[in-house]
Amino acid sequence: MAKELAKTYDPKGLEDRIYQTWEEKNYFHAEVDRSRKPFTIVIPPPNITGILHLGHAFDNTVQDILIRFKRMQGFNTLWQPGTDHASISTEVRIIQELQKEGIQKEDLGREGFLKRAWEWKEEYGGTIVKQLRKLGSSCDWERERFTMDEGCNRAVTEVFLRMHEKGYIYRGSRIINWCPVCNTSISDAEVEYEEQNGHLWHIKYPLVEEDGSISKTRFLEFATTRPETMLGDTAVAVHPEDERYADLIGKEVFLPFVERRIPVVADEYVDREFGTGVVKITPGHDPNDFEVGKRHHLPEVNIMNDDATINENGAKFAGMERYAARKQIVKELEEMGLLVRVEDYTHNVGTHERCHTTVEPLIKKQWFVKMDDLIKPAAEAVRNGTIKLIPPRLNAMYFNWTDNIRDWCISRQLWWGHRIPAYYCDDCEEVTVAAETPDKCPHCGGTHFTQDPDTLDTWFSSALWPFETLGWPDKTEDLDYFFPTDVLVTGYDIIFFWVIRMIFSSYEQMGTYPFHTVMLHGLIRDSEGRKFSKSLGNGIDPLEVIEQYGADALRLTIITGNSPGNDMRFYFERVENSRNFANKVWNASRFILMNMEKAAEGGEDVRYFLDTKLPEGLEAADHWILSRMNDMVREVTENMEKFELGIAVGKVYDFIWDEFCDWYIEMVKPRLRSADAKDGSQTCAKEDAADAAHTSRPQIPQAESDAQAHHAPSHIAALWTLQTVLITSLKMLHPYMPFVTEEIYQTFVGDAGSAERSRFAESIMISDWPLYDEALCFAEDEREISLIKEAVRGIRNLRSEMNVAPSKKTKVFVVSENEATRSVFEKSRLFFETLSHASESVCQTDKTGIADDAASVVLADAVIYIPLSELVDISAEIERLTKEKERLEKELARSKGMLANEKFLSKAPPEKIAEEKEKQQKYEQTYAQVQERLSALQ
RNA sequence: GGGAGUGUAGCUCAGCCGGGAGAGCGUUCGCCUCACACGCGAAAGGUCACGGGUUCGAGCCCCGUCACGCCCACCA
């Protein structure tokens, strides 16, 4: 029957094989099916330049878990995959590659460059997609899309046209962030501020006197961090209510080098407290000054070329690089006596997040999206709960953005990307926005056009991702069925870049929101809490982790202990622990298979898991584990519905390892063993006897073994329970650890006969998600087994403290006046004895026949005695019991205090009071027993 | 400057509706117990950052303080 499983779980080879089977069986693929409810997730498209890092692994594991969970719950699940063209990083990458060959991108020309870029994309662009498969991602690969494929291109053009038509897209001169190295504008969101040590130069400009002469004695002093921008100054500003300068407002100062007379203006932007309360105004090179300049109708002087060298407006500094110019200007100002002083100054400098070049604010004609109207429904959706952010605390972050939105600069001076569908008439230079080159200029009738050379910000197409991937702008069945999608999973760091833009784009184009829930996860950091970065060299390649420990171990590690929105640190020790867990599950399964085989050798069909009805003859331990399993199913499902994946998987883990493996399997062993003795061959019996001779293992008394044989088949009930609990646990674990669970599941189900087979899913990934079942609640059995567990723990503890060798078996007496308690021990004798290393257990009502110096474990209404006279140190025993007595005294004091408190009695809920009373009673009973023991010993 | 966080065992982190402090790793002790040494059993280890308050009762709620990162803004 069942296949052999290796002794240790080894994911190598196995994962690829299983993944391939899933793909061949087409399990990942979704088709429109009106009879079923869809559940859709669109992947945050990874950059084609990317290789898989732990962030992707995290993001995609979360998505895969949700998808697999929903798939098993019966939803028609679609996980829509694809990749992003990532304009800047791809273009930079290709330029670097060209440089190695000594080629500039201009040498190739636009078309040649794009050809090269596509070749590059075809060759390397698929890497990350292959890597996602290694993780186990159950994406519908047949539907894979690319942000620059034909459909997405149409979508982008369509949206551009529509938004331009409505006036949301406009072209205008604005001060933008310019990256002189990437040679393109970048959006505000792409600017990263870095604290840098710099200087604050205090400079003074001479005043222009009434007669137009330049004063040699009167100056206006101010401070600046960027002295070179003075070449573009068109004013100096003071606060309108600043009395110190009231008389100077409207006058002029003289700007050295460029020899310009510029006005003193009054503007509230100026902070009177800072420095001298005077600010130089450079509208061409500072965003704030740009605003001031607009208010005062100041000229805008651009002093810089695109490569950040000074241009012809910079007088004699023309041609110098910006920092060289700065140095020279400072030097000359000093010689002219206009430099007052220099102080060290730490300030934040805007840099380009991709290359960390200091950005240069420049005035450029760019395309913008007007945001104030578009953003309103996006903000509203989150405010009124139509879209839920998880965790909700990130709402504040979201609103911070929506409330302070600025127009979105969408043009980029790059070649790789969606070219802006705008055409300039060669005759009149007027612009026409159209899907294709117009025939005739609507302004002058001209027939020759030049298309805008710029491309769109990468995020412009990503913003359309949830609907463009489903066929928009066409009206497709897919779009109608799968859209709006359900959950978006991404890191909180791209709420602004992506999430908000998808929300308003979808609302604008589709008239509805793209998803109802956004699950935001944190970042994975290294073991010291640092971000992973190339410069730190602390990168961890997920593929290596998978190679070494398996994808399941990686997935489990990433999810365990994490809650939405929180960062987590990555440790190899934790991966090891996850791997160990996979091995644990593996071996538990191996144990069950082994026992099934043994039973099968005796001619029984033992694939009981195929039968879902509760069989006859289940014992307390079986009921207990089924009941615990049932709770686990409910709690795990609830937590998964709440996106608390870390909590959910923790519960599966604890259940499997602690309750199922460490307790239930151990409880069941003697039952399976006694079955061996019954149907076992002679050799088996002989071996047992031989074993027993030199280890003093507890022997099943002959009479009892016979009794078992006549009894309802206990080992059959155990085998049924083992299989049922295992299969259910595997299902609960499957979204987290898809490979090992599938492999084991296949081992159990794989060769079931065709009749049984039809009742069973052929793969765990399309099997049914377990449901909470009232029929599996066994409160009484849970209480009984708790009692046994408590007793076993006590005995183990005692033996450990007394240094009793595990091989040393002892007689155990359970003394209780309570008949029900005695009966619990009687019923569970078989495994109680094994678990507590007892040679024999005897239940009785009093201490008859028990030595006074026996060691004891005190329970509420029972005392367990272990005669260990030759081993027990009486004083140690007294000490142990005294410690126990003290502990109980403390608990009793607490409990009595509470119950004596009238306010507690009058205000606490009745069930809490009852609970406390019960506890008190138990403490009192136990306490009395301990005291009795102590007095007997002393 | 604004915002939202975090602070719990040596380390990393859980801790739901307020009702006797948990896990993993590490440490110590004992075990190759016929599923698993990637294992089993046991133990030690905590002023739940600090100070107030609310409450019969606070790790959890409220106020304040300190520390640490994060996001946003960008005062020249």
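In what follows, chains carry the letters A, B, and so on, assigned in the order in which the sequence lines appear, proteins first and then strands, with residues in each chain numbered from 1.
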J.: Hey, is the side chain of A:Lys809 poking within less than 4.0 Å of OP1 or OP2 on B:U33, counting only N and O atoms?
T.: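 Answer no for this pair, as no side-chain N or O of A:Lys809 is under 4.0 Å from OP1 or OP2.
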J.: Is A:Ile665 touching bases, backbone alone, or none of the nucleic acid, heavy atoms closer than 4.0 Å?
T.: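 It contacts base atoms.
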J.: Between A:Met397 and A:Met568, which residue's closest nucleotide on RNA chain B lies nearer the 5′ terminus?
T.: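 It is A:Met568 whose nearest nucleotide is closer to the 5' end.
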J.: For A:Tyr345, answer base if it contacts any base atom (sugar-phosphate contacts may also be present), sugar-phosphate if it contacts only those atoms, and nothing otherwise; contact means non-hydrogen atoms under 4.0 Å.
T.: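 If one applies the 4.0 Å heavy-atom cut-off, A:Tyr345 turns out to touch the sugar-phosphate alone, with no base involved.
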J.: Determine the contact category for A:Phe496: base if any of its heavy atoms lies under 4.0 Å from a base atom, sugar-phosphate if only primed atoms, P, OP1 or OP2 are that close, otherwise nothing.
T.: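 If one applies the 4.0 Å heavy-atom cut-off, A:Phe496 turns out to touch the sugar-phosphate alone, with no base involved.
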J.: Any ion pair linking A:Asp403 and A:Arg383 (charged N to carboxylate O, less than 4.0 Å)?
T.: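 Salt bridge present between A:Arg383 and A:Asp403.
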J.: Determine the contact category for A:Lys669: base if any of its heavy atoms lies under 4.0 Å from a base atom, sugar-phosphate if only primed atoms, P, OP1 or OP2 are that close, otherwise nothing.
T.: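 Since a base atom lies under 4.0 Å of A:Lys669, the category is base.
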J.: Mind checking A:Trp657 for me? I need base, sugar-phosphate or nothing, with any heavy atom below 4.0 Å counting as a touch.
T.: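 Sugar-phosphate contact only - A:Trp657 comes under 4.0 Å of backbone atoms but never of a base.
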J.: Do any side-chain nitrogens or oxygens of A:Asn803 fall under 4.0 Å of OP1 or OP2 in B:C31?
T.: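 No, because none of the side-chain N or O atoms of A:Asn803 sits under 4.0 Å from OP1 or OP2 of B:C31.
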J.: Report the distance from atom CZ of A:Phe290 to atom C1' of B:A76, rounded to the nearest whole Å.
T.: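 Those two atoms, CZ and C1', are 18 Å apart.
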J.: Pick the P atom in B:A67 and in B:A43, then give their distance to the nearest Å.
T.: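 These two P atoms come out 41 Å apart once rounded.
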J.: Base, sugar-phosphate alone, or nothing: which one does A:Gly561 contact when heavy atoms must sit under 4.0 Å apart?
T.: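 Sugar-phosphate: the residue A:Gly561, judged by heavy atoms under 4.0 Å, touches backbone atoms but no base.
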J.: Could you check whether the rings of A:His521 and A:Phe58 sit parallel, tilted or perpendicular, using 30° and 60° as the cut-offs?
T.: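 Tilted, since the angle between the ring planes falls between 30° and 60°.
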J.: For the side-chain contact (heavy atoms from CB on, under 4.5 Å) test, which of A:Ile203, A:Thr276, A:Val236 pairs with A:Glu221?
T.: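 Single side-chain contact (heavy atoms from CB on, under 4.5 Å) partner of A:Glu221 among A:Ile203, A:Thr276, A:Val236: A:Thr276.
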J.: Once you round it to whole Å, what is the distance between C1' of B:A76 and CD of A:Glu273?
T.: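 Interatomic distance, CD of A:Glu273 to C1' of B:A76: 14 Å.
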J.: When you check the gap from the basic side-chain N to the acidic O, do A:Glu360 and A:Arg226 get nearer than 4.0 Å?
T.: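 A salt bridge is present here (some side-chain N lies under 4.0 Å from a carboxylate O).
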J.: A:Phe570 vs A:Phe572 aromatic rings, parallel, tilted or perpendicular, using cut-offs 30° and 60°?
T.: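 Plane angle over 60°, so perpendicular.
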J.: Identify whether any heavy atom of A:Arg579 sits under 4.0 Å from a base atom; if not, whether one sits that close to sugar-phosphate; answer base, sugar-phosphate or nothing.
T.: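 Base: the residue A:Arg579, judged by heavy atoms under 4.0 Å, touches a nucleobase.
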J.: Relative to A:Phe591, does A:Lys669 satisfy both conditions: NZ or CZ under 6.0 angstrom from the six-membered ring centre, and within 45 degrees of the ring's axis?
T.: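 Yes, a cation-pi geometry holds between A:Lys669 and A:Phe591.
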J.: Salt bridge (charged side-chain N to carboxylate O under 4.0 Å, His left out) for A:Arg525 and A:Asp567? Distances and angles first, verdict last.
T.: CA-CA 7 Å; A:Arg525 299 170 176 277; A:Asp567 291 355; 2.8 Å; yes
J.: Measure the distance from OH on A:Tyr664 to P on B:C36 and round it to the nearest whole Å.
T.: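 Taking OH of A:Tyr664 and P of B:C36, I get 19 Å after rounding.
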J.: Any side-chain N or O of A:Tyr549 less than 4.0 Å from the OP1 or OP2 oxygen of B:C38?
T.: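 Answer is no, no contact under 4.0 Å.
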J.: In whole angstrom, what separates A:Asp403's CG from B:G3's P?
T.: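 That distance rounds to 13 Å.
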J.: So what does A:Thr8 touch, heavy atoms closer than 4.0 Å: a base, only the sugar-phosphate, or nothing?
T.: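 Base, at least one base atom sits under 4.0 Å.
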J.: Take the protein atom CZ of A:Arg574 and the nucleotide atom C1' of B:C25, then report the distance between them rounded to whole Å.
T.: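 One finds 10 Å between C1' of B:C25 and CZ of A:Arg574, rounded.
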J.: Should the side chain of A:Lys7 and the base of B:C36 be counted as holding a donor-acceptor pair, with the cut-off at 3.5 Å?
T.: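 Such a pair does not exist between side chain and base.
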J.: Treat a base pair as Watson-Crick or G-U wobble with both distances under 3.5 Å, then lay out RNA chain B in dot-bracket form, 5' to 3', with | for cross-strand pairs.
T.: (((.(((..((((.....[..)))).(((((.......))))).....(((((..]....)))))))).)))....
J.: In whole angstrom, give me the gap between the P atoms of B:C32 and B:G10.
T.: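 My reading of the P atoms in B:C32 and B:G10 gives 32 Å.
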J.: CG of A:Asn901 versus P of B:U55: gap in Å, rounded?
T.: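 After rounding, the reported distance stands at 13 Å.
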J.: Which part of the nucleic acid, if any, lies within contact of A:Asn566, taking any heavy atom under 4.0 Å across all strands shown: a base, the sugar-phosphate backbone alone, or nothing?
T.: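 Sugar-phosphate contact only - A:Asn566 comes under 4.0 Å of backbone atoms but never of a base.
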J.: Testing A:Asp552, A:Asn587, A:Val585 for side-chain contact (heavy atoms from CB on, under 4.5 Å) with A:Tyr9, which one passes?
T.: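 The option that passes is A:Asp552.
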J.: Can you tell me if the side-chain N/O atoms of A:Arg569 get under 4.0 Å from OP1 or OP2 in B:C13?
T.: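 It does, given that an N or O in the side chain of A:Arg569 lies less than 4.0 Å from OP1 or OP2 of B:C13.
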J.: Can you check the A:Asn583 CG to B:G39 C1' distance for me, whole Å?
T.: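 About 9 Å, once rounded to whole Å.
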J.: Which of the following nucleotides, B:G30, B:A14, B:C40, is nearest to the side chain of A:Pro806?
T.: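 For the A:Pro806 side chain, the nearest candidate turns out to be B:G30.
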J.: Between A:Arg406 and B:C74, does any side-chain N or O lie under 4.0 Å from OP1 or OP2?
T.: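 Affirmative; the distance criterion is met.
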J.: Using atom P of each nucleotide, how far apart are B:C25 and B:C38 to the nearest Å?
T.: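 Nearest-Å result for B:C25 against B:C38 at atom P: 13 Å.
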J.: Over all strands shown, is A:Ala396 touching base, sugar-phosphate only, or nothing at heavy-atom distances under 4.0 angstrom?
T.: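 The residue A:Ala396 makes sugar-phosphate contact but no base contact.
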J.: Has A:Ser839 got a side-chain atom pairing as donor or acceptor with A:Thr810's backbone, closer than 3.5 angstrom?
T.: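 The answer is yes, because a donor-acceptor pair under 3.5 Å joins these two groups.
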J.: From C-beta outward on A:Asp662, which listed nucleotide comes closest to its side chain: B:A35, B:A76, B:G41?
T.: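 Within the option list, the nearest is B:G41.
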J.: Expressed as a whole number of Å, how far does the C1' atom of B:G26 sit from that of B:C66?
T.: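 It comes out at 30 Å once rounded to the nearest Å.
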J.: In whole Å, I'd like the distance from the CZ atom of A:Phe399 to the C1' atom of B:A4.
T.: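 One finds 13 Å between C1' of B:A4 and CZ of A:Phe399, rounded.
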J.: Which residue, A:Thr560 or A:Asn587, contacts RNA chain B at a nucleotide closer to its 5' end, judged by nearest heavy atom?
T.: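 Whichever sits nearer the 5' end wins; that is A:Thr560.
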J.: When we call it a touch if two heavy atoms are under 4.0 Å apart, what does A:Asn400 touch: a base, just sugar-phosphate, or nothing?
T.: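 If one applies the 4.0 Å heavy-atom cut-off, A:Asn400 turns out to touch a base.
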J.: Using a heavy-atom cut-off of under 4.0 Å over every strand shown, decide if A:Asn577 touches base, sugar-phosphate, or nothing.
T.: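 Answer is sugar-phosphate: A:Asn577 comes under 4.0 Å of backbone atoms only.
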J.: Quick one: is A:Tyr571 getting a side-chain N or O under 4.0 Å of the B:U12 phosphate, OP1 or OP2?
T.: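 Negative; the distance criterion is not met.
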J.: Given the structure, check if the side chain of A:Asn404 and the base of B:C72 hold any donor-acceptor pair shorter than 3.5 Å.
T.: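 No, the side chain and the base share no sub-3.5 Å donor-acceptor pair.
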J.: Would you indicate what A:Pro909 reaches in the nucleic acid, counting non-hydrogen atoms under 4.0 angstrom: base, sugar-phosphate, or nothing?
T.: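 Base contact - A:Pro909 has a heavy atom under 4.0 Å of at least one base atom.
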J.: Which whole number of Å gives the distance between the P atom of B:G24 and that of B:A42?
T.: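 Their P atoms lie roughly 12 Å apart.
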J.: If we ignore hydrogens and angles and just use 3.5 Å, is the side chain of A:His202 paired with the main-chain N or O of A:Arg341 as donor and acceptor?
T.: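 A pair under 3.5 Å: no.
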J.: Of the nucleotides B:A35, B:G19, B:G5, which has the atom closest to the A:Glu666 side chain?
T.: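 So the nucleotide nearest the side chain must be B:A35.
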J.: Rounded to whole angstrom, note down the P distance from B:G19 over to B:C11.
T.: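 Straight-line distance between the two P atoms is 27 Å.
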J.: Select base, sugar-phosphate, or nothing to describe what A:Asn562 touches, counting heavy atoms under 4.0 Å on all strands.
T.: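 Answer is nothing: A:Asn562 stays at 4.0 Å or more from every strand.
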J.: Ignoring hydrogens and angles, are the base of B:A14 and the side chain of A:Glu644 linked by a donor-acceptor pair under 3.5 Å?
T.: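 Under the 3.5 Å cut-off, the side chain and the base do not form any donor-acceptor pair.
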J.: If the C1' atom of B:U55 is compared with that of B:G41, how far apart are they to the nearest Å?
T.: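 It works out to 43 Å between them.
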J.: For nucleotides B:C16 and B:G39, find the distance between their C1' atoms and express it as a whole number of Å.
T.: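 Rounded to whole Å, the distance is 33 Å.
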